[in-house]
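Whatever order the structure lists ligands and atoms in, that order sets their numbers, starting from 1. In what follows, every heavy atom counts, from backbone to side chain, and hydrogens, waters and symmetry copies are set aside.
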Amino acid sequence: MPVTITMPRQQAPMDLTHFIPDKMKECDRKIRQKDERIIALETENAMLYLKLAQLQGEVISSREAMGHLKRVMDVEDDTQLRVGRACSQIYQQVQDTKRDLKQLREVVRSIPSKMTFDLTSLQDKAASLSQSLITDNLESKDLRERLEELEEGIKTAEERFTKEKKRRKQLHNTLVELRGNIRVHCRSRPIMARDSRQGSQLEQVVHVIDDENLSVKYNKPGSGATNKMFEFEHVYSPQDVQSDVFEEVQPLLTSLLDGYNVCIMAYGQTGSGKTYTMLGDNYTDLHKDIGEELDMHPSDGVIPRAAVEMFKLIEDKPANSHSLEVSVVEVYNNDIRDLLEPDAGVAKLNLRTADDGSMEIPSLTQRQVESAAEVVGIVQHGMLHRHEDATFVHAHSSRSHLIVTLTVTTYPRGAPTTTPNASRSASPVAELPSPGSFPSRSTRRNMSIPAISFQAISSLSGTQSPISSASGTPVFFPSSQPGVVKTKLQLVDLAGSECVGMSGVTGAALRETSHINRSLSALSDVLAALAEGRSHVPYRNSRLTHLLQDSIGGDAKLLVLCCVSPTQAFATETLQCLGFGTRARQVQRGPTKKRNASGNSSATGSSNIHPSQGGDMSPIAIARNRGHRASIAVTSSGSLLPVPRLLKESHMRHRGSVPNLETQLAQFNAGRRSPRPARPAINRSDSYHK
Ligand code: ADP
Ligand code: MG
């Protein structure tokens, strides 16, 4: 519909029909132009954007380049700075070097004159030194001569000291013999882990002072700390080993071949080291290799060492002059049990006095042995059957007294050396070089005697089988035959000496304990009777003392090894043991007398004919019943005769032989030991084993 626009009054109305389309066209054109312009501007704008982006990229890379340049410049600056500093340093050094050089030049310039001066002064010194050297040489020659003189003096003094020491030891031994020949040694064992199980009383109370003295410092309930001193023939410290003990024991074994009976017994409470001392640690080790040569172990005790020593001693004697037999018994509940024939042990063995006055057990197994290994094998075998119980102190508490007896038979020249009641433990005797004789060591090796085996021991028949000679004829050479001497080495591991309370103990344990206490008490009584010189010595009160009669009384040599545990927990038992040892030392007997071929005893110091030489064969032998020896002699047929004159003569012989010795002893020992107090008798009530 056409639009009518009212125009101002002066102008004529316009033809709107063309105007509007024209205007619209105009507008369209303008719009098109504007659009084109817009497109052109947008294009331009895009171009500009591109340009801008390009420029921005350039700006960034320029910035990076600038940063890089800046860094390079920084480095340059730094380098410049360092170079500057280095330059100034170098400059400084150059200056210093110049200065040093200048000083050096001055020093170098001054050296020749200084050296000349030093040389002159050194020459002066050398001249004075060579002068003093000449003087010193003269002096040192003098000194050397004096030193040589002194060394010579020391050597002489040492020789004299050794001689004096030897003499002192000899005199001491003689003194011990004159005192009655009971030696008491004491051994304190080391503190062991097991001691801590005995409660808190772990402090050491036994202190070894020197070779002969020890003290017991202990807390006595009620009276506080107490210190008691004890003196023995020898005291072993906990550090002393088995060989140290044996070194002291060894001389006694020589006496055995000289005709003395010898007894070595270990006394002490359970766990104090008796079995260790006598046998060692390995005695239960039955798999120990026992060859012909015994492989000695450091922990081996007196028994294996004594066995080795005995064979060494015999080897040094004329061939075929000695034979050795072993028996192993225990005294259990006052019965003697043959540990080599444990089954036969049910039937009690009885002691009797043999024709020569010695104690013998007729049916006891005696094994003839030809090497130490055999002895050890036999003892080990015997140990299998010993009575042992586990106690609170010890898993292997011995409830019996073990007695190993080595009997040495000494034959006159030419006599066969097989004893009638000894059984060979191995190889047939037909291989022996001469019937029944004891072959030399080399011969024994060549005979290839097989090492003893336990099967072999256990299969051995009893004791009575005679030994065949090469011809098959039994060889008996009775010990009563003139010239044959038998001596005994009895090695005893006593049962524990502790006083076990009887309360609460019943049955077998009560019986065992009371028998142990009674037999040790009897031992104490025997020593007491000997100390008092009583005419009756109660050997027969116990089988232990009866069995040991030959070697604890009369002319025998007895060594008691008192073994003690070192801690407070055992103080009471330790004191009891040391008390026993002290009383045993006070046993006073006549001088020891050695067994000669006739069975007579001859006083020490008088001329003795060695048994192996045969010699005088008196039909009378001094009875070996020690309690009566002083007044009774026994004929070869066994009847007893009183012989007061014989003894008196013997006593006079002895006294006549020692006055010088007594004087020497008195002089030598003056001041060394305070004289022993009068020997108190061993009081029965003193004894711990009642
Ligand atoms: P006992 O026979 O007196 O009851 P043992 O000889 O069996 O005592 O000793 C008890 C323990 O102490 C054993 O294990 C033994 O090896 C040890 N023993 C004893 N004395 C010594 C010692 N001198 N050195 C080392 N160990 C020892
Ligand atoms: Mg024991």
Side-chain angles (χ1 to χ4, degrees), residues 185-198 202 204 206-208 211 214 232 234-249 264-285 288 297-305 328-332 339 379-380 382-404 491-500 512-513 515-517 519-520 523 544 560-567 569-570 572-574 576-578 580-581 688-689:
H185 293 187
C186 178
R187 185 180 201 186
S188 170
R189 71 157 167 79
I191 296 179
M192 298 164 71
R194 69 172 62 202
D195 289 320
S196 55
R197 277 181 246 143
Q198 309 300 323
L202 251 181
Q204 184 171 347
V206 178
H207 301 275
V208 174
D211 272 6
L214 64 84
F232 297 103
H234 199 96
V235 174
Y236 307 98
S237 74
Q239 288 76 41
D240 284 335
V241 292
Q242 301 285 59
S243 56
D244 296 326
V245 176
F246 189 68
E247 202 177 305
E248 297 298 320
V249 168
I264 301 166
M265 63 167 71
Y267 181 96
Q269 74 169 126
T270 297
S272 59
K274 297 182 298 298
T275 308
Y276 181 82
T277 301
M278 294 309 291
L279 284 154
D281 247 356
N282 295 333
Y283 68 92
T284 46
D285 180 6
K288 187 172 166 180
H297 190 275
S299 70
D300 281 339
V302 169
I303 293 177
R305 285 171 198 272
V328 185
V329 300
E330 70 171 350
V331 178
Y332 176 69
L339 294 183
V379 173
Q380 282 188 338
M383 286 297 290
L384 284 179
H385 305 288
R386 188 180 184 188
H387 278 89
E388 281 185 341
D389 271 343
T391 65
F392 72 104
V393 205
H394 204 323
H396 297 281
S397 170
S398 307
R399 311 310 295 151
S400 67
H401 311 294
L402 174 80
I403 300 155
V404 175
L491 301 158
V492 188
D493 177 20
L494 292 168
S497 64
E498 61 275 7
C499 187
V500 182
E512 273 176 5
T513 308
H515 277 297
I516 291 170
N517 287 353
S519 56
L520 290 176
L523 181 62
L544 172 70
V560 182
L561 286 162
C562 286
C563 298
V564 292
S565 306
T567 57
F570 304 108
T572 311
E573 296 299 342
T574 296
Q576 183 277 323
C577 176
L578 297 175
F580 176 90
Y688 212 78
H689 310 282

**Q** Counting only heavy atoms, which portion of Arg187 has something under 4.0 Å from ligand 1: side chain, backbone, both, or neither?
**A** side chain
**Q** Evaluate Thr277 for polar contact with ligand 1, using N/O atom pairs at a separation under 3.5 Å.
**A** no
**Q** Under the ring-ring contact (aromatic ring centres under 6.0 Å, His included) rule, collect the residues that match up with Tyr236, sequence neighbours excluded.
**A** His185, His234
**Q** Among Asp493, Thr277, Val492, Leu494, which residue meets the side chain to side chain contact (heavy atoms under 4.5 Å, CB included) test with Leu561?
**A** Thr277
**Q** Could you check whether any heavy atom of Gln242 sits closer than 4.0 Å to an atom of ligand 1, since that is the contact criterion I want to use?
**A**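 No.
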**Q** Once ring-ring contact (aromatic ring centres under 6.0 Å, His included) is applied, do any residues pair with His515, and if so which ones, sequence neighbours excluded?
**A** none
**Q** Report the part of Ala266 in contact with ligand 1, treating N, CA, C, O as backbone and CB onward as side chain, heavy atoms under 4.0 Å; options are side chain, backbone, both, neither.
**A** neither
**Q** Please report the shortest heavy-atom distance between Gln239 and Asp244, naming the atom on each side.
**A**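 Shortest heavy-atom contact: O-OD2, 4.5 Å.
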**Q** Evaluate Lys274 for polar contact with ligand 1, using N/O atom pairs at a separation under 3.5 Å.
**A**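 Between Lys274 and ligand 1, an N or O pair is found under 3.5 Å apart.
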**Q** Using a heavy-atom cut-off of under 4.0 Å, does the side chain or the backbone of Asp281 touch ligand 1, or both, or neither?
**A** side chain
**Q** Could you tell me if the side chain of Leu578 sits less than 4.5 Å from the side chain of Cys186, heavy atoms only?
**A** yes
**Q** Side-chain contact test, heavy atoms from C-beta onward, threshold under 4.5 Å: evaluate it for Ile264 versus Val249 and give yes or no.
**A**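 Sidechains of Val249 and Ile264: in contact.
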**Q** Hey, which atoms in ligand 1 end up nearer than 4.0 Å to a heavy atom of Arg189?
**A** 19 (C), 20 (N), 21 (C)
**Q** Near the Mg ion (ligand 2), is there an N/O/S atom from Thr270 that is less than 2.8 Å away?
**A**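 Given the 2.8 Å cut-off, Thr270 does not count as a ligand of the Mg ion (ligand 2).
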**Q** Would you please determine whether Ser272 falls within less than 4.0 Å of ligand 1 on a heavy-atom basis?
**A** yes
**Q** Could you check whether any side-chain N or O of Lys274 sits under 3.5 Å from a backbone N or O of Gln269, counting only pairs where one atom can act as donor and the other as acceptor?
**A** yes
**Q** Run down the list Gly271, Ser497, Gly273 and name the one with the heavy atom closest to atom 19 (C) of ligand 1.
**A** Gly273
**Q** Does some non-hydrogen atom of Gly496 fall short of 4.0 Å from ligand 1?
**A** no
**Q** Suppose I only count heavy atoms of Thr270 and a 4.0 Å limit; which atoms of ligand 1 are within that range?
**A** 4 (O)
**Q** Quick one: which ligand 1 atoms are inside 4.0 Å of a heavy atom on Gln269?
**A**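 Matching atoms, with element in brackets: 3 (O).
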**Q** As a quick check of understanding, evaluate side-chain hydrogen bond (donor to acceptor under 3.5 Å, both in side chains) for Arg189 and Ser272, giving each step before the final call.
**A** CA-CA 7 Å; Arg189 71 157 167 79; Ser272 59; over 6 Å; no
**Q** When only distance counts, is Tyr276 in polar contact with ligand 1, meaning an N/O pair under 3.5 Å?
**A**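 Yes; at least one N/O pair falls below 3.5 Å.
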**Q** Going by heavy atoms in the side chains, are Glu573 and Thr270 under 4.5 Å from each other?
**A** no
